[in-house]
Structure formats: C-alpha cells, structure tokens
Amino acid sequence: MPKQQENATFGSRFLYSGRFWKLIAVIAILIIVIGGSVRGFIVQRFTIPSASMEPTLDVGDDISVWRPDALSSDIERGDIVVFDGRGSFVDDALPTPIQKVGSWVGLGSKDVYYVKRVIAVGGDTLQCCDAHGRLLLNDEPLKEDYAPLPASKTEFSIEVPADTMWVMGDNRNDSADSRALLGRPGGGFVPLDRVIGPVIGHGSSVD
C-alpha cells in the first residue's frame with residue numbers, strides 16, 4: 001500500500017515538474033518542424049478562392065500541390081500550378097528570401113497565391129488564335145478540352161523567356177492571368193522559382 005502511494009506521488013510530481021513541460025515543449029517543436037517540412041518539401045494544401053479555373057476547379061475546392069516538382073523546376077505544359085504572384089500578378093516587390101521560405105511552409109499572406117494552368121514554358125512561342133479559335137503553341141494548334149472556344153478574346157503573340165512560364169485560367173472569360181499583364185513589366189511571364197507546386201489532388205483524392 002505505501003508503495004502505491006509513493007508511485008502516485010511520484011507521478012504527480014513528474015506532471016508538475018520542469019522536466020515534464022520541457023518534454024511537452026520538445027514534442028510540440030517536433031510536430032511544428034515535421035509539419036513545416038512536409039509543407040515545405042512534400043505536399044501543401046490550398047483552397048480555390050475564385051472561379052478562374054472552372055469547370056476544372058470550383059470555388060472552395062481543396063487542392064494538394066506536390067513540392068518536389070517545384071523544387072526541381074520540373075514544371076510542364078498542361079500542369080495546373082500554385083505560384084507566388086509577387087513581382088508579377090501582385091504589384092509588390094519580389095519576395096524576400098524569408099518570404100520565399102515562408103511560402104514554402106505555408107506561412108505569410110494567402111492573397112499572393114494564384115492557381116492557373118501552364119500553357120507555355122521557356123523557349124515556346126504562343127499565339128492567339130487560329131481560324132478555329134485555338135491557341136497556336138509553337139505554330140501547332142493546342143488541343144484544350146478543358147477550355148472554351150475561342151481560347152482567348154485577347155489576341156497576342158509571345159515568346160516565353162527561359163526559366164519562366166505563361167499561365168492561363170481554364171475559365172478563359174473570367175480569369176485574370178498572363179494575358180492581363182501584356183505590356184506591363186514582366187509581360188505576364190512568371191518565373192519558375194515562384195511555383196509552389198503542381199496540383200496533384202482535388203478534394204480528398206490524389207491524382
């Protein structure tokens with residue numbers, strides 16, 4: 001009986017001791033570090049804020065982006081990507097190194113993130129439009145089952161600089177995308193190092 005009392009007393013003492021709270025602090029820090037590492041280097045979650053990607057993505061949809069492809073700059077035409085719009089879509093100065101790291105782990109303002117489809121990458125030429133209302137990518141008609149015809153009401157002819165991309169929303173008649181920045185500094189081209197990642201999951205699925 002005295003032994004049980006002693007054990008109970010020891011347990012109570014440990015609960016209120018400094019060692020217990022240090023252990024809790026270490027566990028909390030590990031959870032934050034692991035969570036930040038997952039968001040920074042593997043998968044990050046976002047919610048669709050506008051109708052610019054309809055019907056592919058609807059307002060309020062949850063999406064997952066795959067960080068490794070962005071970290072290796074493995075971004076391809078047709079990818080739907082989330083990117084940091086500072087310095088291109090947002091009139092703020094280019095993100096600082098600290099802000100970049102913050103965006104990798106999901107910290108900072110959410111208003112600077114955009115989701116669009118990559119239409120062309122460095123070295124490509126893109127023109128709107130042919131007689132059937134299709135975009136011409138490297139002088140070839142681009143098949144876009146996800147977008148209406150004509151593919152754009154704004155006519156343009158561009159060549160994409162190296163290490164950048166040209167992006168457009170699937171909802172071409174209600175999307176502020178690279179076309180809206182024609183004639184402005186940067187010309188609508190988004191640097192690849194601004195990409196958070198391509199979308200790999202929609203809702204509870206991972207494609």
Side-chain angles (χ1 to χ4, degrees), residues 36-46 48-50 52-53 56-57 63-128 135-138 140 142 144 146-147 151-152 156-170 172 175-202 207:
S37 297
V38 169
R39 287 193 300 270
F41 300 103
I42 304 177
V43 174
Q44 195 170 149
R45 300 279 290 175
F46 292 88
I48 301 298
S50 74
S52 71
M53 283 300 296
T56 308
L57 299 171
I63 57 173
S64 301
V65 301
W66 182 245
R67 288 288 294 136
D69 282 354
L71 295 171
S72 63
S73 296
D74 188 18
I75 303 301
E76 301 179 352
R77 302 180 199 94
D79 284 347
I80 297 175
V81 297
V82 173
F83 60 92
D84 186 331
R86 282 174 288 200
S88 56
F89 280 54
V90 180
D91 286 333
D92 294 352
L94 298 177
T96 65
I98 292 177
Q99 287 174 323
K100 277 187 180 181
V101 172
S103 68
W104 292 347
V105 297
L107 300 176
S109 172
K110 304 298 181 188
D111 295 336
V112 300
Y113 300 123
Y114 290 78
V115 57
K116 305 290 178 187
R117 189 181 296 271
V118 180
I119 303 299
V121 295
D124 288 339
T125 61
L126 188 68
Q127 182 180 347
C128 173
L135 296 177
L136 291 172
L137 177 65
N138 300 323
E140 294 293 331
L142 184 61
E144 297 184 283
Y146 46 80
S152 173
F156 59 86
S157 180
I158 52 98
E159 181 173 351
V160 185
D163 300 319
T164 68
M165 60 185 183
W166 175 274
V167 298
M168 298 171 71
D170 289 357
R172 296 291 162 78
S175 174
D177 48 42
S178 289
R179 295 170 296 170
L181 303 179
L182 285 165
R184 295 177 58 183
F189 306 111
V190 181
L192 290 178
D193 66 5
R194 302 285 189 278
V195 177
I196 305 301
V199 174
I200 58 166
H202 173 206
D207 302 324

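Treat the numbers as computed from the prediction; the structure is a model and nothing was measured.
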State the CG-CG distance between Leu137 and Leu126, to the nearest 0.5 angstrom. 6.0 Å
Does the side chain to side chain contact (heavy atoms under 4.5 Å, CB included) test come out yes or no for Gln44 and Val82, once each step is laid out? CA-CA 10 Å; Gln44 195 170 149; Val82 173; over 6 Å; no
Separation between CZ of Phe89 and CZ of Arg184, rounded to the nearest 0.5 Å: 10.0 Å
Main chain of Gly169, side chain of Arg117: is a donor-acceptor contact present, judged purely on distance under 3.5 Å? no
Look up atom OH in Tyr146 and atom CZ in Arg172, then write down how far apart they are to the nearest 0.5 Å. 5.5 Å
Taking all non-hydrogen atoms of both residues into account, name the closest pair between Ala151 and Glu144 and its distance. CB-OE1, 3.8 Å
Step by step, would you call Val160 with Val121 a side chain to side chain contact (heavy atoms under 4.5 Å, CB included)? CA-CA 6 Å; Val160 185; Val121 295; 5.5 Å; no
Checking Asp84 side chain against Arg86 main chain: does a donor-acceptor pair fall under 3.5 Å? yes
Do the side chain of Ser88 and the main chain of Gly85 share a donor and acceptor less than 3.5 angstrom apart? yes
What's the separation between atom CG in Asp79 and atom CG in Asp74, rounded to the nearest 0.5 Å? 8.0 Å
Distance in Å, Ile158 CD1 paired with Cys128 SG, rounded so as to fall on 0.5 Å steps: 11.0 Å
Donor-acceptor under 3.5 Å (Ser178 side chain, Gly188 main chain): yes
Separation of Leu192 CG from Ile75 CD1 (nearest 0.5 Å): 7.0 Å
Around atom CG of Asp163, are there more than 12 heavy atoms of other residues, nucleotides or ligands at under 6.0 Å? no
Look at the rings of Phe83 and Tyr114 and say which category their plane angle falls in: under 30° parallel, 30 to 60° tilted, over 60° perpendicular. parallel
Please name all residues satisfying salt bridge (Lys or Arg N to Asp or Glu O under 4.0 Å) with Asp124, sequence neighbours left out, ordered by chain then number. Arg77
Backbone of Ala176 reached by a side-chain donor or acceptor of Lys116 within 3.5 Å: yes
I'd like to know if the side chain of Arg67 and the backbone of Gly197 have a donor-acceptor N/O pair within less than 3.5 Å. no
Are the side chain of Arg179 and the backbone of Phe156 linked by a donor-acceptor contact shorter than 3.5 Å? no
